[in-house]
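In this text the structure is predicted, and so the values were computed from the model without any measurement.
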Amino acid sequence: MTRVFALVDCNNFYASCERLFRPDLKAKPIVVLSNNDGCVVARSAEAKALGIKMGVPFFQIQELVRVHGIQVFSSNYALYGDMSARVMSLLEQMALRVEVYSIDEAFLDLSGVSACIEFEAFGQQVRSEVQKCTGIHVCVGIAPTKTLAKLANHAAKRYPKTGGVVDLTDHERQRRLLAITPVDEVWGVGRRLAPRLNAVGIRTALDLADANPKGLRQQFSVVLERTIRELNGISCLELDAVPASKQQIVCSRSFGERVTDYDNMHAAICKYVERACEKLRAQRSTAKMLNVFVRTNPFNANEPYYANSANIGLPEPSSDTREFIEAAVRGLRSIWKPGYRYMKAGVMLSDFYEPGNFQPSLFEATARQPTSEALMATLDQINRSGLGQVRFGGQSRANNWTMKRQRLSPSYTTRWHHLPIVHLK
DNA sequence: TCTGGGGTCCTAGGACCC
DNA sequence: TCTGGGGTCCTAGGACCC
């Protein structure tokens with residue numbers, strides 16, 4: 001049986017989420033900013049039409065914002081994460097196998113579906129169901145490989161005539177779309193690869209599809225070879241319905257204001273460790289290595305630059321926040337230098353083991369407290385319940401290191417006291 | 001003044017082993 | 001004159017993704 005994938009992608013996802021609970025913003029330009037209100041990470045159609053580019057620093061568009069009355073929001077991940085979960089659960093009801101690829105897109109396995117329903121009709125069904133139940137608009141691309149499904153999805157978004165669904169299972173249709181697609185729009189071809197491909201005469205996706213896969217593997221990499229095969233309808237990238245557990249967990253942030261004193265840094269690091277350990281326990285894993293890093297602003301040539309990191313290994317794998325906080329503080333002390341204006345810091349966990357799957361050294365006695373697991377489980381349960389928060393002591397030492405989020409919308413769907421209120425006339 | 005955060009995979013090169 | 005060959009593991013760096 002031939003393989004068929006659908007890529008379902010939400011349109012202007014963050015901006016659409018913000019508009020869901022603000023009907024007064026219909027047809028108004030909206031942008032959403034990255035952490036610390038740094039740069040633009042999402043735009044509504046109206047904002048795109050004003051020429052606002054993805055990733056542009058916010059301070060550079062202040063004038064446009066003023067002139068056109070653009071609505072500006074800080075990132076509200078509580079809202080986007082919850083809306084995403086709602087969309088994904090609908091998709092899981094409509095397809096047997098679903099890979100949640102990112103917060104706003106998912107691959108569906110449609111192999112065998114054509115026996116029951118036309119692909120085009122299926123795509124329209126997905127669109128109307130998601131729109132009806134969540135208010136989010138999606139586009140659907142359907143093709144025999146993931147890479148082609150991505151391109152089909154782009155086409156569905158770009159050309160309104162498609163009705164938001166493109167069925168690219170037909171070979172001739174694939175070739176026609178590839179011919180009008182610049183090679184840098186192909187999934188897997190980024191800003192480094194594109195100029196190098198152009199230099200050897202490969203300008204469109206079709207040029208790439210018709211290139212010699214073995215030859216380009218020599219010149220570039222095995223990754224590009226796979227892309228070429230995928231463009232020709234030969235599926236090389238499988239659907240991963242069960243997310244693989246992560247091999248590293250990072251928690252890092254830029255600060256809202258530069259951090260200059262140790263207590264603030266200490267508090268921030270403790271917070272990051274806490275979050276990283278929560279993620280670790282959520283995937284039921286344990287880690288043996290922690291990395292802690294600090295850095296000043298690398299962009300500013302007018303002040304001294306300092307960046308450093310420390311690796312701390314635990315005697316044996318753990319998921320106990322207390323052990324990692326102790327390790328992180330030791331690491332931080334070893335790299336902390338006073339007198340700098342720190343911009344960013346973070347922690348990284350790695351060297352994972354499944355619980356109980358570690359062979360300890362013969363001479364190192366295990367000193368794990370038997371209460372550790374139960375304590376952490378209780379902690380996670382309380383913090384997830386929404387009834388309250390239990391935190392570790394290290395953070396209370398100082399509190400002016402947090403993110404800048406001056407334009408944050410309410411958590412409409414995840415906090416009782418943020419519930420939207422409807423006034424009936 | 002102001003420039004996100006969190007991941008993955010692949011490759012090359014060095015250390016080391018027999 | 002001639003100075004092996006094959007393998008693993010680890011790390012750093014580069015590329016990509018959203």
Q.
Check A:E105 with A:K150, please: is the shortest side-chain N to carboxylate O separation under 4.0 Å?
A. yes
(Q) Nearest whole Å is fine: how far is C:dC17 C1' from A:R191 CZ? (A) 12 Å
**Q.** Atom-pair distance (CG on A:L216; P on B:dT11), nearest Å
**A.** 14 Å
Q) Got a sec, which residues hit side chain to side chain donor-acceptor pair (under 3.5 Å) with A:D167, two or more places apart in sequence or on another chain? A) A:T169
Q. Which ranges of DNA chain C pair up as stems, where a stem means three or more consecutive Watson-Crick or G-U pairs with both distances under 3.5 Å?
A. B:5-18 with C:5-18
Q.
Please determine whether salt bridge (charged side-chain N to carboxylate O under 4.0 Å, His left out) holds for the pair A:E185 and A:R158, giving the CA-CA distance in whole Å, both sets of side-chain angles, and the decisive distance to 0.1 Å.
A. CA-CA 12 Å; A:E185 289 180 25; A:R158 178 170 307 169; 2.9 Å; yes
Q: Taking only the side-chain nitrogens and oxygens of A:S254, find out if one of them lies under 4.0 Å from OP1 or OP2 of B:dG5.
A: yes
Q.
Output the rounded distance in Å from NZ (A:K146) to P (C:dC16).
A. 19 Å
Q: May I ask you to decide whether A:E18 forms a salt bridge with A:R407, counting only side-chain N to carboxylate O separations under 4.0 Å?
A: no
Q) Base, sugar-phosphate, or nothing: which does A:Y101 touch, judged by heavy atoms less than 4.0 Å apart? A) sugar-phosphate
Q | With A:S75 via side chain to side chain donor-acceptor pair (under 3.5 Å) - residues at least two apart | A | none
Q) Rounded to the Å, how far apart are A:L7 CG and C:dC17 C1'? A) 13 Å
Q. C:dC18 phosphate, OP1 or OP2: any side-chain N/O from A:K150 under 4.0 angstrom?
A. yes
Q: Tell me what A:I249 touches on the nucleic acid: a base, only sugar-phosphate, or nothing, going by heavy atoms under 4.0 Å.
A: sugar-phosphate
Q | A:T260 versus A:R341, side-chain donor and acceptor atoms under 3.5 Å | A | no
Q. Whole-Å distance between C:dC10 C1' and A:K288 NZ?
A. 15 Å
Q: Answer yes or no: does atom CZ of A:R97 have more than 12 heavy-atom neighbours from other residues, nucleotides or ligands under 6.0 Å?
A: yes
What nitrogen or oxygen pairs link the protein and nucleotides 1-3 of chain B at under 3.5 Å?
from	atom 1	to	atom 2	distance (Å)
B:dC2	OP1	A:R258	NH2	2.8

Q) Can you find a side chain N or O atom of A:R253 that sits less than 4.0 Å from OP1 or OP2 on B:dG5? A) no
(Q) Between A:R258 and A:E303, does any side-chain N to carboxylate O distance fall below 4.0 Å? (A) no
Q) Roughly, in whole Å, what's the span from CZ in A:R196 to C1' in C:dC16? A) 13 Å
Q | Stepwise side-chain contact (heavy atoms from CB on, under 4.5 Å) test for A:I103 and A:Y14 | A | CA-CA 10 Å; A:I103 195 166; A:Y14 295 174; 3.8 Å; yes
**Q.** Contact list for DNA chain B against residues 217-235 of chain A - heavy-atom distance below 4.0 Å
**A.** A:V222, A:V223, A:R226
Q) When all nucleic acid strands are considered with a 4.0 Å heavy-atom cut-off, which category describes A:E105: base, sugar-phosphate, or nothing? A) sugar-phosphate
Q: Measure from CD on A:Q406 to C1' on B:dG4 and round the result to the nearest Å.
A: 16 Å
**Q.** Closest non-hydrogen atom pair, A:A328 against A:I269
**A.** CB-CG2, 3.9 Å
Q.
I'd like to know if A:E225 and A:R229 make a salt bridge, using a cut-off of under 4.0 Å between side-chain N and carboxylate O.
A. yes
Q | N or O in side chain of A:K279 less than 4.0 angstrom from B:dG7 OP1/OP2 | A | yes
Q) Reckon A:L193 touches a base, only the sugar-phosphate, or nothing at all at heavy-atom distances under 4.0 Å? A) sugar-phosphate
**Q.** Partners passing side chain to side chain donor-acceptor pair (under 3.5 Å) against A:D37 (at least two apart in sequence or in another chain)
**A.** A:S74
Q: To the nearest Å, give me how far apart CG (A:N12) and P (C:dC18) are.
A: 15 Å
**Q.** Proximal nucleotide (of C:dC18, B:dG5, C:dC16) relative to the A:R192 side chain
**A.** C:dC16
